[in-house]
Novice: 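Below is a structure I'd like to ask you about.
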Protein chains: 2
Amino acid sequence: MRSATPSDDLTARARIRDAAVARFGRDGFAVSLRTIAQDAGVSAPLVLHHFGSKDRLRAECDAHVLATIASHKADAVGPAGADHLLVELAQVETYAPLVAYVLRSIQHGGELARTFYEAFVADAEDYLRAGVAAGTVRPSRDEAARARFLTQQALGGLLVSLTLEPVDDPAQLGARLRAHMDAVTLPALELYTDGLMTDRRMLDAYLVYVTDPPAGTPAADPRPTS
Amino acid sequence: MRSATPSDDLTARARIRDAAVARFGRDGFAVSLRTIAQDAGVSAPLVLHHFGSKDRLRAECDAHVLATIASHKADAVGPAGADHLLVELAQVETYAPLVAYVLRSIQHGGELARTFYEAFVADAEDYLRAGVAAGTVRPSRDEAARARFLTQQALGGLLVSLTLEPVDDPAQLGARLRAHMDAVTLPALELYTDGLMTDRRMLDAYLVYVTDPPAGTPAADPRPTS
DNA sequence: CAGAACACTAACCGAGTGTTCAGCCCGTGC
DNA sequence: GCACGGGCTGAACACTCGGTTAGTGTTCTG
């Protein structure tokens with residue numbers, strides 16, 4: 001579809017899409033079409049005229065954000081995965097709205113959220129595998145679970161921080177994320193380097209527990225009558 | 001306020017409040033008063049008659065959930081803090097809606113969310129302090145930051161997991177949270193026991209970086225021309 | 001210049017929202 | 001018997017929402 005001239009993408013349609021991305025990222029997906037239209041400097045029906053419905057506008061925003069960030073992912077290959085990419089990207093003023101949109105999307109759930117999340121998990125798995133191969137990262141008993149765990153926690157921590165102390169001005173999102181990283185780096189590096197426990201008792205206990213669970217269903221089913 | 005007879009709290013008013021907590025937890029705070037009223041088996045105006053406005057109903061739900069969970073917190077003093085309390089509580093069928101409400105609240109932000117979060121952070125700080133004193137937990141260079149970091153990540157991970165794969169039936173929330181803990185326990189214990197890195201290079205590099213930052217703005221400025 | 005195609009808007013629609021109001025039902029006190 | 005008052009409801013209000021329609025200019029094409 002959309003076989004029109006390339007200049008088509010530089011006109012009001014793109015303006016509306018960008019305004020929608022910015023508004024969605026700022027205020028969530030419950031914002032009205034009229035607000036978006038006003039931001040773009042057009043009338044509300046024109047939004048529908050171009051995108052058909054609010055859902056399709058949302059879908060187009062998803063695709064746009066996904067494509068834009070994916071195209072800039074190769075460049076920003078840093079030492080840490082997952083959230084670090086978003087933080088780096090949010091520093092660049094232009095991409096801050098896109099990052100806000102992604103975070104809003106993950107907070108809200110839905111298809112794009114899962115897509116991004118799975119991509120982050122895959123990235124983390126690659127990084128960890130490379131680290132293990134290089135000898136800088138300890139191997140895990142379940143590499144996939146560890147990659148998922150780490151990205152889930154990193155992304156979730158970011159989200160909690162941002163939800164509890166929301167950033168009003170999207171221009172300050174970059175600084176805000178940087179502050180989050182600053183607050184998190186020391187505890188994270190401590191934990192990643194030395195761990196938390198002084199001995200292996202809890203881990204060992206869990207390992208024998210999980211390989212040889214105490215007879216019957218563990219704790220989920222209070223009455224294992226079957 | 002509410003100096004009425006104690007039986008007042010067992011009637012429709014309480015029924016509406018409970019229905020509201022359940023619905024808010026299930027579908028978020030955007031649900032209509034009519035839906036809540038229907039759940040409670042009353043008319044929509046009666047909800048207003050009892051609570052004045054939707055906001056005040058929300059506030060009353062907040063207070064109720066906060067009081068109920070706080071009163072049961074002393075009992076469920078477990079080994080891990082923060083999210084573990086919620087998981088334990090969600091196992092009990094009666095409290096599952098309350099837990100859903102809390103998580104929904106943290107996802108949404110607002111006052112109650114901050115209240116709960118800060119309480120969790122304080123709890124984690126206590127646990128960690130006790131662990132350090134008992135010699136089972138390594139001391140940190142910044143205990144407050146570590147407590148905040150750990151609860152933020154644990155809570156955020158829970159939230160991300162639940163948002164990306166939402167649970168439809170509130171009765172399954174307990175099982176769902178238990179599954180999350182199962183998926184997370186092994187990587188977490190591995191990380192807490194052995195850490196992630198094989199050497200101290202990154203931590204040491206960060207420590208000298210943070211105590212003696214390279215002149216000028218550190219990393220935010222891509223062109224340290226100075 | 002005619003005419004089609006396009007970008008765009010004012011006015012409107014039906015649905016759903018929180019909220020208000022007049023009044024019903026029913027137990028209680030005179 | 002009857003007024004009364006509180007729990008409660010149906011109808012309706014004012015408002016906003018996403019979406020539709022009909023019609024305006026503008027612009028490009030032949």
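Naming convention: chains lettered A, B, ... in sequence-line order (proteins, then strands); numbering from 1 in each chain. From a predicted model like this one, the values you see are computed outputs, not experimental measurements.
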Novice: Between B:T68 and B:S71, do the side chains contain an N or O donor and an N or O acceptor separated by less than 3.5 Å?
Specialist: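 No - no donor-acceptor pair under 3.5 Å links their side chains.
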
Novice: Please list every donor-acceptor pair under 3.5 Å in which a side-chain atom of residues 105-113 of chain B meets a protein atom from a residue at least two apart or in another chain.
Specialist:
{"from": "B:Q107", "atom 1": "OE1", "to": "B:R104", "atom 2": "NH1", "distance (Å)": "3.1"}
{"from": "B:Q107", "atom 1": "NE2", "to": "A:Q107", "atom 2": "O", "distance (Å)": "2.6"}
{"from": "B:E111", "atom 1": "OE1", "to": "B:R114", "atom 2": "NH2", "distance (Å)": "3.4"}

Novice: Compare every heavy atom of B:A37 with every heavy atom of B:V47, then report the nearest pair and how far apart it is.
Specialist: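 For B:V47 versus B:A37, the nearest heavy atoms are CG2-CB, 3.9 Å.
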
Novice: Using a 4.0 Å heavy-atom cut-off, does A:V47 contact any base of the nucleic acid, only the sugar-phosphate backbone, or nothing at all?
Specialist: nothing

Novice: Give the rounded distance in Å between these two atoms: CD1 of A:I36 and C1' of D:dT16.
Specialist: 15 Å

Novice: Measure CG/A:L33 against C1'/D:dG18 and give the value in whole Å, please.
Specialist: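 Checked: the CG to C1' distance equals 6 Å.
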
Novice: Among all residues two or more places apart in sequence or in another chain, which pass the side-chain hydrogen bond (donor to acceptor under 3.5 Å, both in side chains) test with A:D126?
Specialist: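 Once residues adjacent in sequence are excluded, the partners of A:D126 under the side-chain hydrogen bond (donor to acceptor under 3.5 Å, both in side chains) criterion are A:R129.
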
Novice: May I ask you to say what B:S43 touches in the nucleic acid, namely base, sugar-phosphate or nothing, with a heavy-atom cut-off under 4.0 Å?
Specialist: base

Novice: Regarding A:L46, tell me which of base, sugar-phosphate or nothing describes its non-hydrogen contacts under 4.0 Å with the strands shown.
Specialist: base

Novice: Could you state the atom-to-atom distance from CZ of A:R13 to C1' of C:dC8 in whole Å?
Specialist: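 Interatomic distance, CZ of A:R13 to C1' of C:dC8: 15 Å.
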
Novice: So does B:H49 get a side-chain nitrogen or oxygen closer than 4.0 Å to the phosphate oxygens (OP1/OP2) of D:dG7?
Specialist: yes

Novice: Rounded to whole Å, please give me the gap between CG in A:L48 and C1' in D:dC17.
Specialist: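 My rounded result for the distance is 11 Å.
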
Novice: Could you state the atom-to-atom distance from CG of A:L57 to C1' of D:dC17 in whole Å?
Specialist: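 It works out to 15 Å between those atoms.
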
Novice: Figure out the CD/C1' separation between B:Q38 and C:dG16, and round it to whole Å.
Specialist: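 Going from CD in B:Q38 over to C1' in C:dG16 covers 14 Å.
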
Novice: Looking only at side-chain atoms of B:R34, point me to the closest of C:dT17, D:dG19, D:dT9.
Specialist: C:dT17

Novice: Please report, rounded to the nearest Å, how far the C1' atom of C:dA7 is from the CZ atom of A:R17.
Specialist: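 It works out to 17 Å between those atoms.
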
Novice: Using ring pair (Phe, Tyr, Trp, His ring centres under 6.0 Å), reason through B:F120 and B:Y127 one step at a time and then give a plain yes or no.
Specialist: CA-CA 10 Å; B:F120 283 151; B:Y127 277 126; over 10 Å; no

Novice: Return the nearest nucleotide to the side chain of A:H50; candidates are D:dT9, C:dC8, D:dG19.
Specialist: C:dC8

Novice: Is the phosphate of C:dT17 approached by B:S32 (side-chain N or O, under 4.0 Å from OP1 or OP2)?
Specialist: yes

Novice: Specify the residue among A:P45 and A:T35 whose closest nucleotide of DNA chain D lies further upstream toward the 5′ end.
Specialist: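 Residue closer to the 5' terminus by nearest nucleotide: A:T35.
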
Novice: Measure from CG on A:D55 to P on D:dG18 and round the result to the nearest Å.
Specialist: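 Spelled out: CG on A:D55 to P on D:dG18 is 10 Å.
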
